Amino acid sequence: MYTREISAVPDSLVSSGKPVFGTFSGCPSRLDIKGVKAPFTGLPLPTIITNCRIKSSLSFLFSIGSYVGMVDFLDQKIFGYAEVVFWNLENGRKFSYKKLMGPRRRFIPHNMLLGFCSTFKRNRYIRISWDRARNRFSAIFSMKGDEARPTVNAAFIAHYSEESMNETLTVVPAPTKRRCAATFFATPKIHGSLSVEENGVTLPSSMKDADGEALLSISRMYYAFERKQELATASGILEGDEKKRLSFTLTALPAGQVDANSLNPNFLFIDGKCTPLPPVVITHTKGLAKQWIIQDYENMVDLTFTPKGHHFRDISFVIMHSRTNTLYGTFEGVLKTKDGETIALHDFLGIVRSQSLRS
C-alpha cells in the first residue's frame, strides 16, 4: 500500500537557501518560499530578482445546495485577477464573473493565521478571509449583473474547530529541487446563503441557511516561463449507511518531476483524516468535453469524470497569457484510503481543470 510520511509543520519553508520538502500536518504561520538560492538553472541571481518569479494562487471549491463552483485569485505581482464561476445543478445554468486588479503590494497574503484576499470593487466584490484566533473562515461575493448575467450574492462561513476540518501543507519540487511549490489545503464545512436576482433572462432564486462542503487551496511557486497543469478536485457528502465528508485533490505532475512518488500534492480527505495519494495520470483522448480518466500505478485511484458544464478563461496582459478550461461534472470509480478501505464514488460532483500559463 502506498504511503508517505506526514510530519509537523516546520518553522520555515526555506532553510539556508534550500526548500524544506515534505508533507506536513497543520497550518503554517506563513506560506512563504522567498530566499531559495539559485532556483533557475543554478544561475547566481540575487534573490530580490528570483523572488519576482514567485507567483501565488488561491482556489476555493464550494458545493452547497443546488450550486457547485470555484472562486479564484491569481497573483501575478504587478496585477491580480479574481473570478467566480458556478453552476446551478437543477438547470445547468452557468454564472461567471471576473475582475482584473491593478498594482497592489500583495494580493494573497503570506500570513496564514490572519488574512484576506479581496477585490475591493462594489460591483465585483469577492473576499476570502480567515482568522484562526476568532475560529472563523468566510467567503463572500457580491456581483452586480448586466443584460446577460444576473446580480448574485453569497456568503459562507466555517469554523476551524469543526471536528472534520483538516489542514495539510505540502512542499514539492517544481519540477527540480532547485525550485519549489508550497500548497496549503483546508476542508472547511461551510454554512451560508446564495441568491440570484431576476434580470429578464434568469428567474430569481434564493438559498438560505444551507450546509455544504468546500476545499481551499493556497499555493506559491517558482514559475517557469511556461507552465501547464491538469487537475481534478471535489468536495461533498458521500452517501451510504454512514454519511461521510469527502474531499480530494489530484494533480498530474509534469514529466520529469523529481521524487514525484514521495513528493506530490495529491490527497484524499475523509471526515478530517488525510490520506496521501500517489502520482496520477490524467487523460482525455476524445477531448476536454468528453470523459476524463484519472488513474495511478498503486491501485489507489481509478476514476472517470463526465463533464456537464464548461467554462473557458483566456487572459492576456503584456507578456502574461493564461488559458484555463474549467469543467464541472461527476466522478465515478474508486479511491483507497491509507488503511486499505475502498471508497466507491457514484455521481459524485466535482471539477476538473486544464490550464496553461506563460509569464
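On a predicted model such as this, the values are computed, not experimentally measured, just so you know. Residue numbers count from 1 along this sequence.
A donor and an acceptor atom, one from each side chain of Asn153 and Ser142, are located under 3.5 Å apart. At a cut-off of 3.5 Å, with distance as the only test, no side-chain donor of Ser164 or Asn166 sits close to an acceptor on the other residue. There is a side-chain donor-acceptor pair under 3.5 Å between Arg313 and Thr324. Under 3.5 Å, the side chains of Ser354 and Glu230 contain a donor-acceptor pair of N or O atoms. Side-chain polar atoms of Thr183 and Ser219 form a donor-acceptor pair below 3.5 angstrom. Side-chain contact annotation: His311 with Glu83, donor-acceptor N/O pair under 3.5 Å present. For the residue pair Glu90 and Ser66, a side-chain donor N or O sits within less than 3.5 Å of a side-chain acceptor on the partner. No side-chain donor from either of Arg124 and Thr119 sits under 3.5 Å from a side-chain acceptor of the other. Defined by atom type and a distance below 3.5 Å, a donor-acceptor pair is missing between the side-chain atoms of His284 and Gln291. Side-chain contact annotation: Thr187 with Ser247, donor-acceptor N/O pair under 3.5 Å absent.
Of the listed residues (Phe184, Phe24, Phe185), just one forms a ring pair (Phe, Tyr, Trp, His ring centres under 6.0 Å) with Phe267, and that residue is Phe185.
Atoms CZ and CG, from Phe79 and Leu100 in turn, are 6.0 Å apart once rounded to the nearest 0.5 Å. Distance check, rounded to the nearest 0.5 Å: CH2 of Trp292 to OG1 of Thr283 gives 9.5 Å. To the nearest 0.5 Å, the span separating CD1 on Ile6 from OG1 on Thr23 amounts to 6.5 Å. With rounding to the nearest 0.5 Å, the separation of CD in Glu213 from CD1 in Ile64 is 9.0 Å.
Ion pair Asp259/Arg4 not flagged as a salt bridge, since none of the NZ, NE, NH1 or NH2 atoms sits closer than 4.0 Å to an Asp/Glu carboxylate oxygen. Salt bridge annotation for Lys144-Glu197: absent, with no cationic side-chain nitrogen under 4.0 angstrom from a carboxylate oxygen. The pair Arg323-Asp314 counts as a salt bridge, with a side-chain nitrogen and a carboxylate oxygen less than 4.0 angstrom apart.
By the 30° and 60° cut-offs, the orientation of the rings of Phe305 relative to Phe331 is tilted. The aromatic rings of Phe86 and Phe62 sit tilted relative to each other, their planes meeting at an angle between 30° and 60°.
Here the two rings, on Trp87 and Tyr328, have centers that are under 6.0 Å apart. Ring-centre distance between Phe248 and Phe269: not below the 6.0 Å cut-off.
Using a 4.5 Å cut-off on side-chain heavy atoms (C-beta onward), Leu345 and Val334 make no contact.
Counting all heavy atoms, side chain and backbone alike, Phe60 lies closest to Ala139 at CE2-CB, 3.7 Å. Scanning all heavy atoms of the two residues, the minimum distance from Arg353 to Met70 falls at NH1-CE, 3.7 Å.
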Pair up each side-chain donor or acceptor in residues 10-22 with any protein partner under 3.5 Å, not counting sequence neighbours, and list the distances.
from  : atom 1 : to    : atom 2 : distance (Å)
Ser12 : OG     : Val14 : N      : 3.3
Ser12 : OG     : Val14 : O      : 2.8

- [ ] Go through the steps to decide whether Phe95 and Asn88 satisfy the test side chain to side chain contact (heavy atoms under 4.5 Å, CB included), and finish with yes or no.
- [x] CA-CA 8 Å; Phe95 305 88; Asn88 185 320; 4.2 Å; yes
